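Remarks on the structure that follows.
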Amino acid sequence: MPRAPLTLHVAAEQPGPQISRHLFGQFAEHLGGCVYDGLWVGEDSPIPNIRGLRRDAVEALREIRMPNIRWPGGCFADAYHWRNGIGPRERRPRMRNDTWGQIETNAFGTHEFLDLCALTGAAPVICGNLGSGTVQEMRDWVEYLNAPTGTVLADERAANGHPSPFGVRYWGVGNESWGCGGLMRAEYYADEFRRYATYLGNYEKSQLFRIATGPGVDDYHWTEVMMRECAAPRFNPGIMDGLSLHYYMNGGVPPAKTQRTLHATDFGAAEWRTVMAHAWYIDELIARHSAIMDRHDPAKRVKLIVDEWGTWYAAPPAPARSTLCQQQTLRDALVSALTFHAFFKHAERVHMANAAQVCNVLHSVLLTDGPSTIRTPNWHAFHLFAPHQDAHRLPLSGDVPQLEDGGLTYPRLSAAASRAADGAITVTLAHTDPSEPVEITLLGLPLSCKPAARLLTSAQLNDCNSPEAPDRVAARPWTDFIHQNGIFTATLPPACVIAISFEQ
Ligand code: AHR
């Protein structure tokens, strides 16, 4: 028996704030198989590559219109010394990556990262080393990247093959400085941020957007201190442009007080619900951090940058193929859909986000296996949502039942609508109920147009993609609806993500 029908009303003529394309960013760290094997295979590899970058990965990231990518960490960022990753590759030092216990060849460094950005069309987001570096080292990296030739550092960049400045704009000043980035107190880090950020230069074509380490999950004290001390300091009120937030669903931190016990693929409806609830908890986190930011910065100048988010499951009984590598199912695609919807709700404050991580680590859009590059169900969620990039949010109202799991609530059906510059309207739906279909009616849509829709679902909740079955879980065209006189009706299958576009 289907559940009670749900009716949603889209106010198609009332465009609201812009949904920044940067909400769909990715994150690549020197961790496990993310950079090496995943993105970087090397120029001599039999795996098809463009100047050493895995060709299939580049194409897949272009297709989801990856708007930005954060690098080199994560925790690794606060141990990374950029000079090790420039110049002739054969002369770069081979060393230990102490953060993740693996060998670092430094074959993938600044120029390789920026080549990846250029090939995929993504804006670079670089996280500088505050934990074990120096102010001088960080400011020199910015000069090396962004200064016009004519200084020693800019000329060195030119000698390394890139005469024109890279124009890097987004700059993280340390990572998780409350944890792996130095175990600092908020009060101490606030001063460190002010000191480091002071010396990071702006150049002709690149005004830096300085991102401070923000809270982990629900550390509201951190947000309070950072906003109090850095949102508008007396002699440089614009020094902090963004404050980061990190949240891993089932990350062994509140609300998942238990350690990581949920598995990536071995789960049923109960664990499905737990993950849905943890995904939607990001809405509460953003609302509460934003309320603190609003008190200090009512004009919303300082943006919230969710530069690490995603699912983080328990390690499987057998060792993973590489550190923190986990499979992706439809459940993870739903997590992304719910997370995007939460970001859109708070579009006035949340400007950028980075899913952790792009390839072979945690909440990945790509998994690689030798020569195979597999697009995960999560890749399909990013693909379905791409039309929302830079569109304007449309108000959407309706009575949607809230479900409950372990004291957290989440919507049975989560939805968002936006209008793009060309007038096209996109509606995305995430149906979180794993067992029952639901009838829906959408009102307020354009009268005269033929909607085109795509549906992402799977026969089993824990189906996943592999080299043998790369498209087992994939979005497919969906026509099982009626659209007449601006009224759209359909029965949604259990557990699905849908994107409908109404082109005028
Ligand atoms: O994404 C994996 C790790 O999680 C990152 O290195 C760190 O910032 C976070 O704790």
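Note that this is a predicted model, so its numbers are computed, not measured. Just follow the structure's listing: the first ligand is 1, and inside any ligand the first atom is 1. For this chain, numbers begin at 1 and follow the sequence in order.
Shown here are the side-chain hydrogen bond (donor to acceptor under 3.5 Å, both in side chains) partners of R55, two or more places apart in sequence or in another chain: there are none.
Judged purely by distance below 3.5 Å, without hydrogens or angles, the side chains of Y199 and D140 never pair a donor atom with an acceptor atom. With no hydrogens or angles considered, a side-chain donor-acceptor pair links E104 and H30 at under 3.5 Å.
The SG atoms of C180 and C75 lie less than 2.5 Å from each other.
Classified by interplanar angle (parallel below 30°, tilted 30° to 60°, perpendicular above 60°), the ring pair H246/W178 is perpendicular.
Ring centroid separation for the pair H111 and F166 comes in under the 6.0 Å cut-off.
Under 4.0 Å from any atom of ligand 1, one finds heavy atoms of residues F27, E29, L31, G74, C75, W100, N175, E176, Y248, E308, W312, Q357, L362.
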